[in-house]
Amino acid sequence: MEDIFQWCREGNALQVRVWLDDTEHDMNQGDDHGFSPLHWACKEGHIKIVEMLIRRGARINVTNLGDDTPLHLAAAHGHRPIVQLLLQNRVDVNFTNEHGNSPLHYACFWGYNAIAEDLLLAGALVSLANKDGDTPLDKTKGQLVQRLHELAVNQGQDLKKIQFKDQSWLGLKTRSRDATLSRHKGININELALHTRIATTPSGETWRGRWQKNDIVAKIIAVRECTPRIQRDFNEEFPKLRIFSHPNILPVVGCCVSPPSLVVISQYMSWGSLYSLLHGGGQLVVDAGAALRLARDVAAGMAYLHSLRDRALPMYSLTSKHVMIDEDLTARINMADAKFSFERGRHYSPAWSAPEALTKPPAKRNGEAADMWSFAVLLWELATREVPFADLSPMECGMKIALEGYRVTIPPGISPHISKLIKICMNEDPGKRPTFEMIIPILDKMKK
């Protein structure tokens, strides 16, 4: 395998960029010690590569075998610009490694005063004790002790020591993935240990399981007969779903062809789908700010898919059921839910479908404009926390949208900015709907 880790250590930005341009390359894989490319770039201080990796989808809080995150390494090696960049990107500033040390512990121990202040102002706790009972202040020398103490008081921190608690058993660490995850395509179905059925839908069954020590989800596609032609189409089309190069895309990792079963495999996402997050009655409350972030994530993922026109992707139907939520609450378009050529013509979730998508064949409609309509319904769903057309069966829903002009109605109390954006994205004229590239800046502005 090409040595992406060596290029990140050396700072070879050109080679890293060329490697990342192949959408099947997974920049979240780890080397023998669990160091991801982002770990190495942060440790060696190559900020251009760090920027590139983050932009392409590197996971910020990924851990190596010692439970160090990229922020631990940047702080421990004094790379302040990289620390500041990570702090701008959903980093967990109080993440502790196997020794119980936070990034602030290392900045204090090595005397990187400016980095220590940056971390503290970003929420790092001065009273967090490691396994030896030492807090960052215990690791600090000279005048920095008083400076950090004053900053912590001004930030309203409780200075009572927080004793170390071993939470490794909770499974909260996001490990660098084994490189085999990105290398594998065809997988022997006997290697899969499927233990829990998650869902049964008209498109097939979804199971949770394990494969090569990784938590995975396996979707068994429903086909009447697994003919040689269907197997051939499946094998030709499935590699196009292995898109590892964007933070808002959940790639298909591998596939199994074991007649009568066709199986697509992807990573397990702890929060499940956006649909279950919004409507499943879970403990997590999605407030207005989180809803905007999720909408922005979906828009970014769809914009990226639309940019891959030369890849001839299988058809994708955008609904909240087909958007998965990562452990850091990042929304990711689930490529396992794309429809293969032998599945086309079936509408499993018409509530999110544009009217023209229900009445015209794919060749006679603007697919990107139809996706924008679906996004408008998803945006409505995020704003109202309601299921679109919940009182109708899928068949009734599809007929009424296509033939009777049924549309979601925007209730009072919805933000006027969101309301206006929904209406713009749901223009009855497909040619007048915006593109995802156009609405991303609008969503960014709303987030501020």
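Numbers for residues simply follow the sequence, beginning at 1. Just so we're clear, the structure is a prediction, and the values are computed from it rather than from any experiment.
Ser261 and Ser258 form no side-chain donor-acceptor contact under 3.5 Å, judged by distance and modelled atom types alone. Side-chain contact, Thr330 with Arg90: a donor N or O sits under 3.5 Å from an acceptor N or O.
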For this session: Go through the steps to decide whether Leu104 and Leu128 satisfy the test side-chain contact (heavy atoms from CB on, under 4.5 Å), and finish with yes or no.
Result: CA-CA 9 Å; Leu104 184 58; Leu128 198 63; over 6 Å; no
For this session: Start with the C-alpha gap between His149 and Val126, add the side-chain angles, then the distance that decides, and say whether side-chain contact (heavy atoms from CB on, under 4.5 Å) holds.
Result: CA-CA 8 Å; His149 184 276; Val126 298; over 6 Å; no
For this session: Could you walk me through whether Leu119 and Leu71 pass side-chain contact (heavy atoms from CB on, under 4.5 Å), step by step?
Result: CA-CA 10 Å; Leu119 292 169; Leu71 184 61; 4.1 Å; yes
For this session: Apply the test side-chain contact (heavy atoms from CB on, under 4.5 Å) to residues Glu51 and Leu85: give CA-CA distance (whole Å), side-chain angles for both, the deciding distance (0.1 Å), then the verdict.
Result: CA-CA 8 Å; Glu51 290 173 339; Leu85 179 60; 3.4 Å; yes
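Checked against side-chain hydrogen bond (donor to acceptor under 3.5 Å, both in side chains), Ser374 has no partners two or more places apart in sequence or in another chain. Judged as a side-chain hydrogen bond (donor to acceptor under 3.5 Å, both in side chains), and not counting sequence neighbours, the contacts of Gln84 are Asp118. Not counting sequence neighbours, His33 has no partner by the ring pair (Phe, Tyr, Trp, His ring centres under 6.0 Å) test. Applying the side-chain contact (heavy atoms from CB on, under 4.5 Å) criterion to Asn130, with sequence neighbours excluded, gives Asn101, His105, Asp132, Asp134, Lys139. Judged as a ring pair (Phe, Tyr, Trp, His ring centres under 6.0 Å), and not counting sequence neighbours, Phe389 has no contacts. Under the ring pair (Phe, Tyr, Trp, His ring centres under 6.0 Å) criterion, Tyr275 pairs with His279, not counting sequence neighbours. Ser320 pairs by the side-chain hydrogen bond (donor to acceptor under 3.5 Å, both in side chains) definition with Glu381, not counting sequence neighbours. Listed by chain and residue number, nothing satisfies the side-chain hydrogen bond (donor to acceptor under 3.5 Å, both in side chains) test with Ser127 (two or more places apart in sequence, or in another chain). With sequence neighbours left out, the ring pair (Phe, Tyr, Trp, His ring centres under 6.0 Å) criterion links His77 to no other residue.
Proximity of Thr384 to Ile410: side-chain heavy atoms (C-beta onward) are nowhere separated by under 4.5 Å. In this structure the side chain of Leu262 reaches within 4.5 angstrom of the side chain of Val257, judged on heavy atoms. With contacts defined as side-chain heavy-atom distances shorter than 4.5 Å, the pair Asp215/Arg208 qualifies. Between Val217 and Met324 there is no side-chain heavy-atom pair separated by less than 4.5 Å. Within the 4.5 Å cutoff, the side chain of Phe244 has no heavy atoms near those of the Met27 side chain. Contact annotation: the side chain of Gln29 approaches that of Phe5 to within less than 4.5 Å [non-hydrogen atoms, C-beta and beyond]. For the pair Cys256/Leu192, a side-chain contact is recorded, criterion being any heavy-atom separation below 4.5 Å from C-beta on. A 4.5 Å side-chain heavy-atom check between Ser266 and Met335 finds every atom pair outside the cut-off.
Note that Arg80 lies outside the cation-pi zone of Tyr112, set by a 6.0 Å cut-off to the ring centre and a 45° limit from the axis.
Residue pairs meeting the ring-ring contact (aromatic ring centres under 6.0 Å, His included) criterion with at least one member in residues 40-71, sequence neighbours excluded: Phe35-Trp40. Listed by first and then second residue, the ring-ring contact (aromatic ring centres under 6.0 Å, His included) pairs that reach into residues 284-304 are His246-Tyr304, sequence neighbours excluded. Within the structure, side-chain hydrogen bond (donor to acceptor under 3.5 Å, both in side chains) pairs that include any residue of residues 411-427 do not occur (at least two apart or interchain).
Residue-environment remark: CD (Gln155) exceeds the threshold of 12 foreign heavy atoms within 6.0 Å. For CD of Gln143, the number of neighbouring non-hydrogen atoms (other residues, nucleotides, ligands) closer than 6.0 Å is 12 at most. Heavy-atom contacts from other residues, nucleotides or ligands closer than 6.0 Å to CG of Asp32 number 12 or fewer.
The side chain to side chain donor-acceptor pair (under 3.5 Å) with Asn97 is formed by just one residue from the set Asn64, Asp68, Asp67, Thr69; it is Asp68.
Checked for salt-bridge contact, Asp21 and Arg17 meet the test: a charged N lies under 4.0 Å from a carboxylate O. Here Lys321 does not pair with Asp337 in a salt bridge; the nearest charged N to carboxylate O distance is not below 4.0 Å.
Remark: side-chain polar atoms of Lys131 are paired, donor with acceptor, to backbone N or O of Glu98 under 3.5 angstrom. Of the possible donor and acceptor atoms, one in the side chain of Asp31 sits under 3.5 Å from a partner among the backbone N and O of Gly34. Of the possible donor and acceptor atoms, one in the side chain of Arg332 sits under 3.5 Å from a partner among the backbone N and O of Ile249. For the pair Tyr316 (side chain) and His322 (backbone), a donor-acceptor distance under 3.5 Å is present. Without hydrogens or angle criteria, Trp352 side chain to Asp371 main chain gives no donor-acceptor distance under 3.5 Å. Of the possible donor and acceptor atoms, one in the side chain of Asn334 sits under 3.5 Å from a partner among the backbone N and O of Ala336. For Arg242 (side chain) and Val253 (main-chain N/O), a donor-acceptor pair under 3.5 Å exists by modelled atom type.
The distance from atom CZ of Phe436 to atom NE2 of His306, rounded to the nearest 0.5 Å, is 5.5 Å. Residue Met372 holds its CE atom at 9.5 Å from CZ of Arg433, rounded to the nearest 0.5 Å. Between the SG atom of Cys42 and the CD1 atom of Ile54 there is a distance of 6.5 Å, given to the nearest 0.5 Å. Between the OG1 atom of Thr135 and the NZ atom of Lys160 there is a distance of 14.5 Å, given to the nearest 0.5 Å. Rounding to the nearest 0.5 Å places CD1 of Ile162 at 8.0 Å from CD of Gln157. A distance of 11.5 Å separates CG in Asp92 from OG1 in Thr63, rounded to the nearest 0.5 Å.
Closest of all the heavy-atom pairs between Ile82 and Ala41 is CD1-O, 4.0 Å. For the pair Val83 and Ala75, the tightest heavy-atom approach, listed with the atom from each and the gap, is CG2-N, 3.8 Å. Residues Pro136 and Leu125 approach most closely at CG-O, 3.8 Å, considering heavy atoms. What you find for Ala74 and Ile115 is that their closest heavy atoms are O-CD1, 4.4 Å. Among all heavy-atom pairs drawn from Trp7 and Gln15, the shortest one is CD2-CB, 3.6 Å. Scanning all heavy atoms of the two residues, the minimum distance from Ile418 to Met446 falls at CD1-SD, 3.7 Å.
Relative ring orientation between Phe340 and Phe234 is described as tilted, the plane-to-plane angle lying within the 30° to 60° band.
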